[in-house]
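Okay, structure first, notes after.
All of these numbers come straight from a predicted model, not from anything done at the bench. FYI, side chains are in, hydrogens and waters are out, and symmetry mates aren't considered; it's all heavy atoms of this structure.
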Amino acid sequence: MTRGNEVERVEPGSIADELEIAPGDTIVAINGENPSDILDWRLAESSEDILLVVQHADGELVEYEIEKDFDEPLGIVFASPTLDDIRSCQNRCVFCFVDQMPPAMRSTLYIKDDDYRLSFLSGSYITLTNLREEDVARIERLHLSPLYVSVHTTDSQLRRRMMNHKRAGEVLPLLKRLTEAGIEFHTQVVLCPGLNDKEALDQTITDLYGLYPGVKSLAVVPVGLTGHREKLYPLSPCDKSHAQEVLEQLTAWQKKCLQESKTRFVFAADEFYNMADKEVPDHHWYEGYPQLENGVGLLRLLLNDWEKLRQTLPDKIATEKNVAVVTGSSAVRYLEPIMDRLNKIEGLNIRLIGVQNRFFGGHVTVTGLLTASDIITALKDKEKADRIYLPAVMLKEGKELFLDGYTINDLAQELNTDLRVVNDLDNFLTDLL
């Protein structure tokens, strides 16, 4: 996973691009130092005057004297996101999704990262169990904020049991120390029925809300259970009844927090509304969408976009089109009304295909975990479409690669049709119409 200071990509139009630094080159030093990790690099990179030493892929060693604006990035993306080894997870959580994955997938998919630097830089969730005193002091000194923390429960004994780590019970004192130092947090709870729900969830919300505004928000997401849980801790999935109870519980908390602090503070993942067969809340409910990457508010953003875009739809199109839209089964109920309206456009025929996730099995229904093999299975007996649209969330970010190793080209050849990957509803309608 780590190849030191090797350049993987250069941002187009950046300073590094103008200097003709290229993938495969190696950063030898910046301002006379070899950065020990990505944080040291970012600090050095923020300077206005930089002396950069680069060894190009052909072996040539070049020094660059650079004058730039403060905080202007050089545009270099490294092969390793941290430059050194990524801090791995030391927990053995009873609900860990990685432990539930089928075998023989890409090796990188089985890596469990738990790195505070990636939490600060890219918003990935960490558990704080592998922090050393020097790490905590560095977070305070550099004011690395906000951080994103998987709390799950503030009950010390229960957290140790759920995460199988002796230091897991220390989370609340550590959060208190860091919030007192001015560090802010967004937090999450992966809710496991019968473990950290009901009274345990009330206690967790009480404790975290007690640290507001240091703890800015809390997302509650349902545990994800695949069909590959052999010899793992017995867990029950969230069902409709449980989802309704959770939403009632969180709604009561939101009313309390809103009245006291003018924030709802705790937010339910979209999956709970889907399971409970309830409409997602209005736009203002999400308060700027602080937990969007946790699946909190994604559906509302989709519906908001649709309300704006539906006003611009034509009555007919010049050339007839027969297309298919692929999605996960949990999104079908929200996309069906949109596709029904689009099918009223003269000359347009759209089929919405909800794909069952056989690859992961169990209770996995989200679009982002669909594989090419399941798409092939779902479409093989269907009438062929002239074009198939796929949400970009199915693919590895920055690459045209599915979880099961297929590429977009592999899938296009297998289905013998035109495939289009779209990022959002606007992108889809622009291409479609």
Query raised in the report: When the aromatic ring centroids of Tyr289 and His283 are compared, is their separation below 6.0 Å?
Result: yes
Query raised in the report: Would you call Glu180 and Lys176 a salt bridge, using N to O less than 4.0 angstrom?
Result: no
Report task. Describe, in one word, how the ring planes of Phe265 and Tyr209 are oriented to each other, choosing from parallel (under 30°), tilted (30 to 60°) and perpendicular (over 60°). Result -> tilted
Query raised in the report: Mind checking whether Phe78 and Trp41 have parallel, tilted or perpendicular rings, split at 30° and 60°?
Result: perpendicular
Report task. Give a yes or no on whether the backbone of Arg264 and the side-chain of Glu287 come within a donor-acceptor separation of less than 3.5 Å. Result -> yes
Query raised in the report: So, Asp418 and Arg420, do they make that salt bridge, N to O below 4.0 Å?
Result: yes
**Report entry** Residues Arg117 and Asp37 bridged, charged N to O under 4.0 Å
**Finding:** yes
Query raised in the report: Is it the case that Asn91 and Asn164 place a side-chain donor and acceptor less than 3.5 Å from each other?
Result: no
Query raised in the report: Does the pair Arg159/Glu170 count as a salt bridge with the N-to-O cut at 4.0 Å?
Result: no
Query - Exercise: do Thr263 and Ser261 side chains pair donor with acceptor under 3.5 Å - result: no
**Report entry** Presence of salt bridge, Arg138 and Asp135, under 4.0 angstrom
**Finding:** no
Query raised in the report: Using a distance-only test with no angle check, is there a side-chain donor-acceptor pair under 3.5 angstrom linking Ser217 and Gln291?
Result: yes
Query raised in the report: When you look at CD of Gln157, are more than 12 heavy atoms from neighbouring residues, nucleotides or ligands closer to it than 6.0 Å?
Result: no
Query - Test applied, side chain to side chain contact (heavy atoms under 4.5 Å, CB included); reference residue, Thr371; option that passes from Asp404, Val355, Ile376 - result: Asp404
Report task. Kindly say whether the aromatic ring centers of Phe185 and Tyr148 come within a distance under 6.0 Å. Result -> no
Requested in this report: For the residue pair Phe267 and Tyr286, categorise the inter-ring angle as parallel (less than 30°), tilted (30 to 60°) or perpendicular (more than 60°).
Outcome: parallel
Query raised in the report: Are Leu298 and Leu292 side-chain neighbours, meaning at least one heavy-atom pair lies under 4.5 Å?
Result: yes
Query raised in the report: Do the ring centers of Phe97 and Phe360 come within less than 6.0 Å of each other?
Result: yes
Query raised in the report: Does a salt bridge link Arg333 with Glu336, judged by any charged N lying under 4.0 Å from a carboxylate O?
Result: no
Query - Sub-6.0 Å ring centroid separation between His152 and Phe95 - result: yes
Query raised in the report: Do Asn196 and Thr153 have side-chain atoms, one donor and one acceptor, less than 3.5 Å apart?
Result: no
Query raised in the report: Hey, are the side chains of Ile27 and Leu52 touching, using non-hydrogen atoms and a 4.5 Å cut-off?
Result: yes
Query raised in the report: Would you find more than 12 non-hydrogen atoms of other residues, nucleotides or ligands less than 6.0 Å from Glu65 atom CD?
Result: no
Report summary line: Rounded to the nearest 0.5 Å, the CD atom of Glu11 sits from the CG atom of Asp17 at a distance of 9.5 Å
Query raised in the report: Are Lys68 and Glu48 ion-paired here, with the side-chain N under 4.0 Å from a carboxylate O?
Result: no
Query raised in the report: Is it true that Arg229 and Asp99 have a side-chain N and a carboxylate O under 4.0 angstrom from each other?
Result: no
Query raised in the report: CG/Asp202 to CH2/Trp253 distance, rounded to the nearest 0.5 angstrom?
Result: 6.0 Å
